[in-house]
Amino acid sequence: MKKATAQASSDVALIKYWGKKDETLRLPENSSVSIILEGLNTTTTVEFGPSLTHDVIKIQGESDEQEIRRVVKHLDRIRMLAKTHCFAKVESENIFPKCTGLSSSGSGFAALTIAATNALGLHLSQCELSILARQGSGTACRCICEGFVEWKVGDSDQSHAETIFPSHYWDIRDVVATVDIGNKKVSSTEGHKTASTSPFFTTRLGSIPKKIEMLKKYIKNRDFIKFGELVEAEALEFHSILLTSTPSLIAWYPGTIDVINLVKEMRNQGIKAYFTINTGFNVHVLTLPRYESSVVEILFRSSFVRDIIRAKVGKGPHITSSHLF
Ligand code: DP6
């Protein structure tokens with residue numbers, strides 16, 4: 001058994017995965033589309049050892065009990081596949097804040113899946129890795145892929161994500177404005193459970209297939225304005241579900257709204273930029289390379305913006321020899 005390290009990037013959902021048909025298997029209520037984000041990366045090293053008496057897990061140097069339970073459960077799935085009972089040492093580091101709406105569980109479980117299967121000598125296809133990663137975190141099934149990714153809704157446990165356009169197809173930039181780094185109040189895993197309590201949820205589900213069809217057309221045509229308008233409208237619709245669920249989930253902070261208003265102002269000045277937000281408070285601002293530095297400069301004018309992370313469409317995960325221990 002060897003030590004293996006994987007690096008995976010987080011993603012930003014353009015059409016959000018929200019609500020689960022099956023919580024244990026993490027089967028989504030709807031298909032989703034995302035962009036893999038080179039720049040929001042997680043690195044994870046895994047080593048299985050016959051001498052270990054329990055799993056030893058550190059995420060960002062910490063051992064949070066709830067996170068550890070989830071990681072152990074995922075290691076158990078992988079151990080079952082490899083038919084081993086060996087415990088593992090796991091260390092994971094992000095170069096971006098976790099639990100703030102930047103899909104750290106996506107890159108985290110993708111990196112864990114790839115490092116752990118590699119350490120145990122399992123040779124899985126990309127589809128098999130996506131199916132496996134999905135059970136750790138829904139988003140992670142997309143983070144196994146590269147570029148522009150679709151996770152198709154499916155009833156079977158084989159549900160997985162696939163690349164629909166490679167990373168080089170369209171150079172889109174994501175300028176992430178972090179307005180806080182504290183943990184978000186409600187995790188996505190908890191939030192998914194309340195999705196169906198929104199009176200608008202069924203309407204949303206009915207409109208998703210057409211939306212995905214249109215989005216794919218706009219990506220294919222590299223039509224940034226139509227793409228951005230659709231992505232922004234989807235983000236607002238998604239948050240209307242959060243707001244009208246029971247209990248309601250109000251993810252935004254004052255800084256989130258400030259950034260939304262700044263993005264609208266940018267467009268008034270001719271800068272093509274559109275926002276999208278997950279269940280957290282930090283804001284993804286999607287733009288084209290020629291506007292990126294202006295977007296950064298204007299975002300920093302907000303007294304709420306603490307930091308900015310720049311990301312590009314990513315090539316997806318890989319194995320590296322730079323181990324964390
Ligand atoms: C709002 O993948 O974090 O970011 O499957 O319970 O781990 P679990 O949920 P998670 O949900 C992500 C929700 C979202 C939308 C999206 O990324 O598609």
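First listed ligand is number 1; within each ligand, the first listed atom is number 1. If you read the sequence from its start, that first residue is 1, and numbering goes on from there.
For Thr42, the side-chain hydrogen bond (donor to acceptor under 3.5 Å, both in side chains) partners are Asn94, Ser107, not counting sequence neighbours.
Closest protein heavy atom to atom 12 (C) of ligand 1: Thr139 OG1, 3.4 Å.
A centroid separation of less than 6.0 Å is found between the aromatic rings of Phe281 and Tyr253.
Considering both main-chain and side-chain atoms, Arg26 comes within under 3.5 Å of ligand 1 through a nitrogen or oxygen pair. Geometrically, ligand 1 and Ser137 share a nitrogen or oxygen pair separated by less than 3.5 Å. Geometrically, ligand 1 and Thr279 share no nitrogen or oxygen pair separated by less than 3.5 Å. By the 3.5 Å distance cut-off applied to N or O atoms, Lys20 is counted among the residues near ligand 1.
Every atom of ligand 1 with a heavy atom of Gly138 under 4.0 Å away is listed here by number and element: 2 (O), 5 (O), 7 (O), 8 (P). Atoms of ligand 1 lying under 4.0 Å from at least one heavy atom of Ser105, given by number and element, are 3 (O). Short contacts between ligand 1 and His192, defined as distances under 4.0 Å to a heavy atom of the residue, involve ligand atoms 6 (O), 9 (O), 10 (P), 11 (O), 12 (C), 13 (C). Atoms of ligand 1 lying under 4.0 Å from any heavy atom of Ala13, numbered from 1 in the order shown and given with element: 16 (C), 17 (O), 18 (O). Listed by number with element, the atoms of ligand 1 under 4.0 Å from a non-hydrogen atom of Lys16 are 15 (C), 18 (O). Ligand 1 places these atoms under 4.0 Å from at least one heavy atom of Thr189: 6 (O), 7 (O), 8 (P).
Residue Val153 shares its hydrophobic cluster (ILVMFWY side chains chained together at separations under 4.5 Å) with no other residue.
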